[in-house]
Protein chains: 2
Amino acid sequence: MNEASRNARRDDGATPVAGAAPTFAPLYRQIRELLLRGLQSGEWKPGEAIPSEVELAARYRVSQGTVRKAIDELAAANLVVRRQGRGTFVASHREVRTQFRFLRLRPDEAGASAGSPGAGSAGEAAPGMVMTSRVLECRRLRAPSEAARALGLRAGEAVVTIRRLLEADGEPAVLDEIWLPGARFRGLSAERLDAWHGPLYLLFETEFGVRMIGAIERLKAVVADRSRARTLQVAEGSALLLVERISHTYGGQPVELRRGYCVTRRHHYHNELS
Amino acid sequence: MNEASRNARRDDGATPVAGAAPTFAPLYRQIRELLLRGLQSGEWKPGEAIPSEVELAARYRVSQGTVRKAIDELAAANLVVRRQGRGTFVASHREVRTQFRFLRLRPDEAGASAGSPGAGSAGEAAPGMVMTSRVLECRRLRAPSEAARALGLRAGEAVVTIRRLLEADGEPAVLDEIWLPGARFRGLSAERLDAWHGPLYLLFETEFGVRMIGAIERLKAVVADRSRARTLQVAEGSALLLVERISHTYGGQPVELRRGYCVTRRHHYHNELS
DNA sequence: TAGTGGTCTAGACCACCGT
DNA sequence: CGGTGGTCTAGACCACTAA
């Protein structure tokens, strides 16, 4: 198989560094890109199983080990979940583990029970708090320049904007201001949001076919203005944690701009460095 | 080799879940633990090469592939760096890539040139700013209860505390308040710090044999009190980003408590979710 | 029991690095 | 050139899951 297929497909496509000479990608990366294409195109939907390793190996005419390494990378990127004895499944925001990858707010008294990982365990603890959401506003408008830039839209294109208040254990915790590209989110309305109970990203995934697979966040500390202070029920002039997020779907394409104003009196933003 | 060595060593040690029945670890994890022990004991020092894969395979009497998988995990945890054609090296804070894993502050105008990773590239950009440090204070004292708890010390044990001001491009950016266990940091003094030019963690690594390999951070927004406002040259009542960090060395053992008060007027804390 | 992912091996060859 | 990590293969067996 090798002597032919190795050079059959050139160029990774994942690292389009301008000016770099076209480089050849190892087989398992080429396979990874093929699988990625299947995920992106919806050939396999969130929650479904992808074909078994042996079947994929036969289909692409490579060894199982090579397919395995390709899937390993997809699993490392949380695009796919392996389950021994059952198969490999497309990651979905239906799963709790996925949900809390994007919610970094935690109650302060987390017990601090030192998990102490050996060399590389994830150790995701379930945040012991009840989150409820209340939609304050949802409307369509022409993209403000800032949102257009973040979402890669032309100035004036349609966007959907949402304002919602998250409460943690009954207390106002986060005021979210969200912008979404109008083209991908036709039919998204306040009614639709009110009727939905569950994570926002799960709604996006099931109703609009938009899977959030990653995000870049910029955190700042800001002073609460009058309006935000009121909705969050804190004093004007309080310090708020501003989390600006641009999340993307397959291929790094941005599909959400979000600004979350967080009350960090009894909560904090959790992050692990390694 | 296999029929014997597979069950020769039992129990991972990395996941000491109380009450769980003793479980057997795959060979490559056992090898990983052995290598980890070598790193921890200083058998191979930061910057040095560890033995080659074939040599390790011979030493532990397993196949090269098994050693390889063990090293893969150590590399994924940033404990070790592979260099094709040269060898595998113990990670050191001397390297720039390592340094900025722990410095998440970035200047606001980072160009925002959407890097758009394919499936799982790290894409660490060099923060385009000049950081300089000025030590305000360094003294030894009995651990305040909070620091003792964070560092796992008995109340009243000795700690070293440091206060330092970081300037980014000439402007005050971060006020750090640091606590270190006194036992591990004998001889650390203001003079020693003043004489040092370079990352703090590199000093710890080279002079005290303490390698920071990970940390847990809790972020909050706070209001600047009079004293901190003055040293950071901002108005009293400004919002500051408080980054509380507990960093650890091998085995998850905490060795630093740090509180950083960040001015986020022209900078932000950068984070990537996936 | 059949099918899946998980581990381990042994050997081949490639790409890269320093001498 | 020799040594290192990187890729790929083929086959064996194990651990787990579901029918």
Side-chain angles (χ1 to χ4, degrees), chain A residues 1-10 12 15 21-35 44 48-76 79-91, chain B residues 1-10 12 15 21-35 44 48-76 79-91:
Chain A
M1 313 289 105
N2 196 0
E3 75 294 282
S5 47
R6 184 165 171 87
N7 293 350
R9 251 171 278 268
R10 57 170 61 198
D12 195 2
T15 336
T23 170
F24 293 78
L27 246 189
Y28 73 88
R29 280 206 193 284
Q30 302 179 24
I31 304 294
R32 186 192 71 179
E33 292 312 303
L34 290 176
L35 294 175
W44 311 299
E48 291 180 7
I50 69 174
S52 75
E53 294 180 355
V54 290
E55 187 183 333
L56 289 171
R59 176 185 304 188
Y60 298 131
R61 317 200 21 147
V62 297
S63 81
Q64 183 183 354
T66 299
V67 169
R68 190 168 178 74
K69 186 149 190 185
I71 295 181
D72 277 343
E73 293 204 351
L74 297 178
L79 297 180
V80 116
V81 179
R82 295 171 167 290
R83 289 193 228 280
Q84 181 171 146
R86 307 224 278 128
T88 301
F89 298 78
V90 182
Chain B
M1 309 292 102
N2 195 0
E3 73 293 35
S5 48
R6 182 168 171 86
N7 294 349
R9 250 172 275 269
R10 57 170 60 199
D12 195 1
T15 336
T23 169
F24 293 77
L27 246 189
Y28 73 89
R29 280 205 192 283
Q30 301 179 26
I31 304 294
R32 186 192 70 179
E33 292 311 303
L34 291 176
L35 294 175
W44 312 300
E48 290 179 8
I50 70 174
S52 76
E53 293 179 356
V54 290
E55 188 183 331
L56 289 171
R59 177 184 305 187
Y60 298 131
R61 320 209 5 155
V62 298
S63 80
Q64 183 183 352
T66 300
V67 170
R68 190 166 179 73
K69 186 150 189 184
I71 295 181
D72 277 345
E73 292 204 352
L74 296 178
L79 297 179
V80 114
V81 179
R82 294 172 167 290
R83 289 194 227 280
Q84 181 169 146
R86 306 223 279 126
T88 302
F89 298 79
V90 182

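Residue numbers start from 1 in every chain, and the chains themselves are labelled A, B, ... in the order their sequence lines are given, proteins ahead of strands.
Using a 4.0 Å cut-off, no side-chain N or O of B:Ser52 falls inside it from OP1 or OP2 of D:dG3. Side-chain N/O atoms of A:Lys69 include none lying less than 4.0 angstrom from OP1 or OP2 on D:dC8. A close approach under 4.0 Å does occur between a side-chain nitrogen or oxygen of B:Thr88 and OP1 or OP2 of D:dG5.
One interatomic measurement links the two molecules: OH of A:Tyr28 to P of D:dG6, which rounds to 9 Å at whole-angstrom precision. Atom CG of A:Leu56 and atom P of C:dG3 are 17 Å apart (whole Å). For B:Gln30 and C:dC8, the CD to P distance is 8 Å, given to the nearest whole Å. Rounded to whole angstrom, the span from the OH atom of A:Tyr60 across to the C1' atom of D:dT9 amounts to 19 Å. Summarising the geometry, the separation between CD on A:Gln64 and C1' on C:dG5 is reported as 8 Å, rounded to the nearest angstrom. As a whole-Å value, the separation of A:Arg32 CZ from D:dT7 P is 11 Å. Atom P of nucleotide D:dT4 and atom CZ of B:Phe89 are separated by 11 Å, given to the nearest angstrom. Between B:Phe24 atom CZ and C:dG6 atom C1' there is a gap of 17 Å when expressed in whole angstrom units.
Distance check: A:Arg32 CZ to A:Leu27 CG gives 13.0 Å after rounding to the nearest 0.5 Å. In this structure, CG in B:Leu56 is found 6.0 Å from CG in B:Leu35, a value given to the nearest 0.5 Å. B:Thr66 contributes atom OG1, which lies 12.0 Å from atom CZ of B:Arg68 (distance to the nearest 0.5 angstrom).
Taking 4.5 Å as the limit, every side-chain heavy atom of B:Tyr28 sits out of range of all side-chain heavy atoms of B:Ile71. The side-chain heavy atoms of B:Ile31 and B:Lys69, taken from C-beta on, include no pair separated by under 4.5 Å.
Ranking D:dG5, D:dA10, C:dG5 by closeness to the B:Gln84 side chain, first place goes to D:dG5. The side chain of B:Val62 lies closest to C:dT9, out of D:dC8, C:dT9, C:dA15. Taking the side chain of A:Thr66 as heavy atoms from C-beta on, and the options C:dT7, D:dT9, C:dG5, the nearest nucleotide is D:dT9. Here the nucleotide nearest the side chain of B:Arg86, chosen from D:dT4, C:dC17, C:dT9, is C:dC17.
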query: Are A:Trp44 and A:Thr88 close enough, and set up right, to give a side chain to side chain contact (heavy atoms under 4.5 Å, CB included), and what steps lead you there?
result: CA-CA 11 Å; A:Trp44 311 299; A:Thr88 301; over 6 Å; no
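A salt bridge between A:Glu55 and A:Arg59 is present, with a side-chain N of the basic residue lying under 4.0 Å from a carboxylate O of the acidic one.
Shown here for A:Glu53 and A:Val67, the closest heavy-atom pair between the two residues is O-CG1, 4.0 Å.
In DNA chain D, runs of at least 3 stacked Watson-Crick or G-U pairs (N1-N3 plus N6-O4 or O6-N4, or N1-O2 plus O6-N3, all under 3.5 Å) give these stems: C:1-16 with D:3-18.
Where A:Gly85 and A:Arg82 each meet DNA chain C at their nearest nucleotide, the meeting point lying more 5' is that of A:Gly85.
Within 4.0 Å of B:Arg68, counting heavy atoms only, lies at least one base atom of the nucleic acid. Using a 4.0 Å heavy-atom distance criterion, A:Glu53 is classed as a sugar-phosphate-only contact.
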